[in-house]
Amino acid sequence: MKQVKIIECPRDAMQGIKEFIPTEKKVAYIQSLLRVGFDTIDFGSFVSPKAIPQMQDTAEVLAKLDLSATKSKLLAIIANTKGAELASVHPEIQYLGYPFSISENFQMRNTHKTIAESIVTLQEILNIADKSNKEVVAYLSMGFGNPYGDPWSVEIVGEWTEKLAGMGVKILSLSDTIGSSTPEVIDYLFSNLIPKYPEIEFGAHLHTTPDRWFEKVDAAYKAGCIRFDGAIQGFGGCPMAKDDLTGNMPTEKMLSYFTAEKVVTSLNSLSFESSYNEATKIFTQYH
């Protein structure tokens, strides 16, 4: 039986919420997720508190987590070298996640950098990660389309993948960002890129509307993708994207899909149910 990696993203679910979620509530929720058996928890970010106020307590959250009984790895999002340096001093963090957009407009909105500047930053982050024994997950945002009028094509995605592979990126997550992906584009990209770059682990960070989740997961999985990002109940999304934002890929929907396909996820169903209930409490109180 095939096995997939599920990356749960409470950071993505929380970051756009304006009312500050108390640190203890974040810790309790992430602690519940650590019991489920996810491959990785995208738990927080080391970014400017002005840009993402909700994530200003990431270091404090990390200090309060009990990691003694979990196999899940921790991923922190960073937007620049300063963030990479702040995250790299924490041995508990295995992955530094860097959003690299092939849309000039979105890169400016997200990190206040041009694409050319972002490539330099990514190289510096790779160097920092190498010295601190961490891995970089590069998110190719706007990977499936572009609402800002910048040039986009599957060929452009392929060219950037080749460049990032040459820089030494080993985990590349194609990111939907605004939910614009179609099954046809998902299938084409993964079907072509996965065999071409066997040294890269490709992931799918898909945003979706409630009625389109199945076709997206189905296309990515059947095209060979075995790394999927999700957020319980589809909460959250990217606060730097367009305002008519769609949600994250609902983790419970992915799990129902993989169960039907007889794919191993290695998750504890009782612990997942507990986390699902925690998510309902926290995200209905703070929204």
Side-chain angles (χ1 to χ4, degrees), residues 1-9 12-13 16 38-40 42 99 101-103 106 137 139-148 150 152-158 160-161 171-197 200-238 241-267 269 272 276 279 283:
M1 292 174 77
K2 287 180 79 171
Q3 184 158 358
V4 295
K5 292 181 179 179
I6 306 291
I7 288 73
E8 180 63 22
C9 304
D12 207 350
F38 293 108
D39 180 83
T40 303
D42 174 354
S101 182
I102 57 175
S103 155
F106 187 71
V137 178
Y139 293 87
L140 201 66
S141 66
M142 299 297 164
F144 298 102
N146 186 319
Y148 298 113
D150 299 313
W152 183 92
S153 68
V154 291
E155 289 77 21
I156 289 172
V157 176
W160 278 113
T161 300
I171 306 173
L172 184 61
S173 194
L174 301 186
S175 301
D176 202 351
T177 316
I178 58 154
S180 61
S181 62
T182 63
E184 294 75 20
V185 171
I186 292 170
D187 173 69
Y188 184 89
L189 286 172
F190 284 122
S191 294
N192 283 278
L193 295 176
I194 289 171
K196 189 173 180 182
Y197 299 99
I200 292 180
E201 179 180 313
F202 284 92
H205 184 97
L206 300 168
H207 290 182
T208 185
T209 49
D211 58 333
R212 296 190 59 209
W213 71 268
F214 179 91
E215 62 187 38
K216 296 186 180 199
V217 173
D218 188 56
Y221 176 68
K222 288 183 174 163
C225 181
I226 56 169
R227 178 188 176 95
F228 290 83
D229 288 13
I232 289 174
Q233 299 187 45
F235 289 119
C238 180
K242 287 171 64 178
D243 293 331
D244 55 351
L245 177 68
T246 49
N248 276 301
M249 177 61 67
T251 308
E252 66 278 7
K253 300 289 191 187
M254 289 197 293
L255 296 185
S256 70
Y257 173 84
F258 291 127
T259 299
E261 291 287 323
K262 296 184 168 52
V263 179
V264 177
T265 60
S266 300
L267 302 190
S269 56
F272 181 80
Y276 186 95
F283 291 108

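FYI, the numbering just counts along the sequence from 1.
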Test item: Val137 and Asp42 side chains (from C-beta on) under 4.5 Å apart, heavy atoms:
no
Can you check whether Ile232's main-chain N or O pairs, donor with acceptor, with Glu8's side chain at less than 3.5 Å?
yes
Do Asp39 and Ile6 come within less than 4.5 Å of each other through their side chains, counting heavy atoms only?
no
Keeping Asp218 on the side-chain end and Phe214 on the backbone end, is there a donor-acceptor pair under 3.5 Å?
no
Do side-chain atoms of Trp152 reach the backbone of Met142 as a donor and acceptor pair under 3.5 angstrom?
yes
Answer yes or no: does atom CD1 of Ile226 have more than 12 heavy-atom neighbours from other residues, nucleotides or ligands under 6.0 Å?
no
Report the distance from atom OG of Ser173 to atom CD of Glu201, rounding to the nearest 0.5 Å.
9.5 Å
Min side-chain heavy-atom separation Asp176-Met249 under 4.5 Å:
no
Check whether any side-chain heavy atom of Tyr139 lies under 4.5 Å from a side-chain heavy atom of His205, and answer yes or no.
yes
Any chance you could measure Ser153, atom OG, to Ile102, atom CD1, to the nearest 0.5 Å?
8.0 Å
No-hydrogen, no-angle side-chain donor-acceptor test under 3.5 Å, Lys216 and Ser181
yes
In terms of relative ring orientation, are Phe202 and Tyr197 parallel, tilted or perpendicular, with 30° and 60° separating the classes?
tilted
Is there a side-chain contact between Tyr257 and Val4 (heavy atoms, below 4.5 Å)?
no
If every non-hydrogen atom of Gly143 is compared with every non-hydrogen atom of Val157, which pair is closest and at what distance?
O-CG2, 3.3 Å
Using 0.5 Å steps for rounding, measure from the OG1 atom of Thr251 to the CZ atom of Phe272.
5.5 Å
Between CD of Glu261 and OG of Ser256, what distance do you get to the nearest 0.5 Å?
10.5 Å
Could you measure the distance from the OG atom of Ser266 to the NZ atom of Lys5? Nearest 0.5 Å is fine.
11.5 Å
Which heavy atom of Leu189 sits nearest a heavy atom of Phe144, and at what distance?
CD1-CD2, 3.7 Å
Between atom OG of Ser269 and atom OH of Tyr276, what is the distance when rounded to the nearest 0.5 Å?
14.5 Å
Side chain proximity check, Asn248 to Phe235, heavy atoms < 4.5 angstrom:
no
To check you understand the geometry: which heavy-atom pair defines the closest contact between Gly230 and Met254, and what is its length?
CA-CE, 3.7 Å
